[in-house]
Protein chains: 2
Amino acid sequence: MNAMLIVAHGSRRSASNEEIRRLTKKVTPYVEDSHTHVGCAFLELAEPSIETGIVQLIQQGAKRITVVPYFLAQGTHVTDDIPQIVSTVQELHPGTEIVITDYLGKSEMIPEVLLNVALK
Amino acid sequence: MNAMLIVAHGSRRSASNEEIRRLTKKVTPYVEDSHTHVGCAFLELAEPSIETGIVQLIQQGAKRITVVPYFLAQGTHVTDDIPQIVSTVQELHPGTEIVITDYLGKSEMIPEVLLNVALK
């Protein structure tokens with residue numbers, strides 16, 4: 001059973017965290033053929049934490065979890081923090097394979113998105 | 001004369017800030033018909049600051065500057081920090097109109113970008 005966890009930074013503004021939850025619901029229909037559960041989690045300032053988000057998916061039966069860093073730039077959160085957290089949880093749960101994809105800003109679609117926002 | 005300023009958070013990792021500079025160069029050809037100068041600036045941790053980035057464009061003759069927040073979620077940086085900085089610079093330079101566009105994460109293309117990254 002495959003699952004997906006969208007990992008965002010988290011904000012003091014609950015409206016900002018709600019955006020991530022809405023996005024998670026929005027993409028779910030597109031991946032539910034291949035991913036039984038899709039969740040979101042936050043590095044800081046909001047719940048669930050990444051650890052909790054992963055463990056919840058494992059408890060729901062996930063044998064493979066795809067962690068998608070919802071970050072634009074490859075800062076320390078993407079290079080260090082998220083991999084460290086995932087590595088710690090992975091050691092505690094060897095029966096589930098946890099993989100981290102590229103961060104969002106790595107997509108080749110980003111210049112087009114920027115123009116879409118900037119020129120409208 | 002129109003100019004565009006892409007405003008990112010800024011990182012301790014210079015490679016991350018270089019990503020923004022590369023992106024700025026990448027989108028420039030697509031907007032230079034309508035924008036004589038395209039620059040980038042950082043809220044913190046990298047140079048130029050937003051203030052400096054705007055003033056440089058004004059010194060280059062910009063009469064209208066489009067500030068594009070390169071952020072994924074509508075956190076306090078997007079709702080408070082960037083508008084406050086822009087407002088302060090605007091008061092000091094009334095001869096140039098400074099407008100702030102939607103932040104990147106507001107684009108309706110984002111779910112597609114997420115799937116593009118998550119499923120590849």
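The model shown is predicted, which means the values in this text are computed figures rather than measured ones. In the text below, chain A, chain B and the rest are named by the order of the sequence lines, each starting its count at 1.
- Heavy atoms of His77(A) lying under 4.5 Å from chain B are absent altogether.
- At a 4.5 Å heavy-atom cutoff, Ala15(A) makes no contact with chain B through either its backbone or its side chain.
- Follow the hydrophobic side-chain contacts under 4.5 Å out from Ile98(A) and you reach Leu43(A) in the same cluster.
- For Val113(B), the parts lying under 4.5 angstrom from a heavy atom of chain A are both the backbone and the side chain.
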- Message: Run the side chain to side chain contact (heavy atoms under 4.5 Å, CB included) test on Ile20(A) and Leu72(B) for me, step by step, so that the C-alpha distance in whole Å, both residues' side-chain angles and the decisive distance to 0.1 Å come before the verdict.
- Response: CA-CA 9 Å; Ile20(A) 308 300; Leu72(B) 273 181; over 6 Å; no
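- The contact between Thr66(A) and chain B is made entirely by side chain atoms (from C-beta outward), counting heavy-atom distances below 4.5 Å.
- Counting only heavy atoms from C-beta outward, the side chains of Leu114(A) and Tyr30(B) never approach each other to under 4.5 Å.
- Around NZ of Lys25(A), the count of heavy atoms belonging to other residues, nucleotides or ligands within 6.0 Å does not exceed 12.
- Using a 4.5 Å cut-off between heavy atoms, Phe71(A) contacts chain B through its backbone alone, with no side-chain atom that close.
- Hydrophobic clustering of Ile, Leu, Val, Met, Phe, Trp and Tyr side chains at less than 4.5 Å, counting indirect connections, keeps Val7(A) apart from Leu115(B).
- The side chain to side chain contact (heavy atoms under 4.5 Å, CB included) test with Arg13(A) singles out one residue from Asp80(B), Val78(B), Thr79(B), and that residue is Thr79(B).
- When the options Thr101(B), Val31(B), Val27(B) are evaluated for a side chain to side chain contact (heavy atoms under 4.5 Å, CB included) with Leu119(A), the one that passes is Val31(B).
- Placement of Ile100(A) and Val38(A) in two distinct hydrophobic clusters is found when ILVMFWY residues are connected by side-chain heavy-atom separations under 4.5 Å, directly or transitively.
- Note on Ala118(A), Ala8(A), Gly105(A), Ser11(A): by heavy-atom pairs under 4.5 Å with chain B, the leading option is Ala118(A).
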- Query: Step by step, would you call Asn116(A) with Glu108(B) a side chain to side chain contact (heavy atoms under 4.5 Å, CB included)?
  - Reply: CA-CA 9 Å; Asn116(A) 170 257; Glu108(B) 67 273 11; 3.8 Å; yes
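- At a 4.5 Å heavy-atom cutoff, the contact between Lys26(A) and chain B is made by side-chain atoms alone.
- The nearest pair of heavy atoms linking Val117(B) to Asp102(A) is CG1-O, 2.9 Å.
- Interface remark: Glu19(A) contributes side-chain atoms only to the contact with chain B (heavy atom separation under 4.5 Å).
- Residue Ile6(A) touches chain B through its side chain alone, counting heavy-atom pairs closer than 4.5 Å.
- Interface residue Leu104(B): backbone and side-chain heavy atoms are both found under 4.5 Å from chain A.
- Of the listed residues (Met4(B), Glu112(B), Arg12(B)), the one with the most heavy-atom contacts under 4.5 Å to chain A is Glu112(B).
- Of the residues considered (Val67(B), Asn17(B), Leu23(B), Leu45(B)), Leu23(B) shows the highest number of contacts with chain A, using heavy-atom pairs under 4.5 Å.
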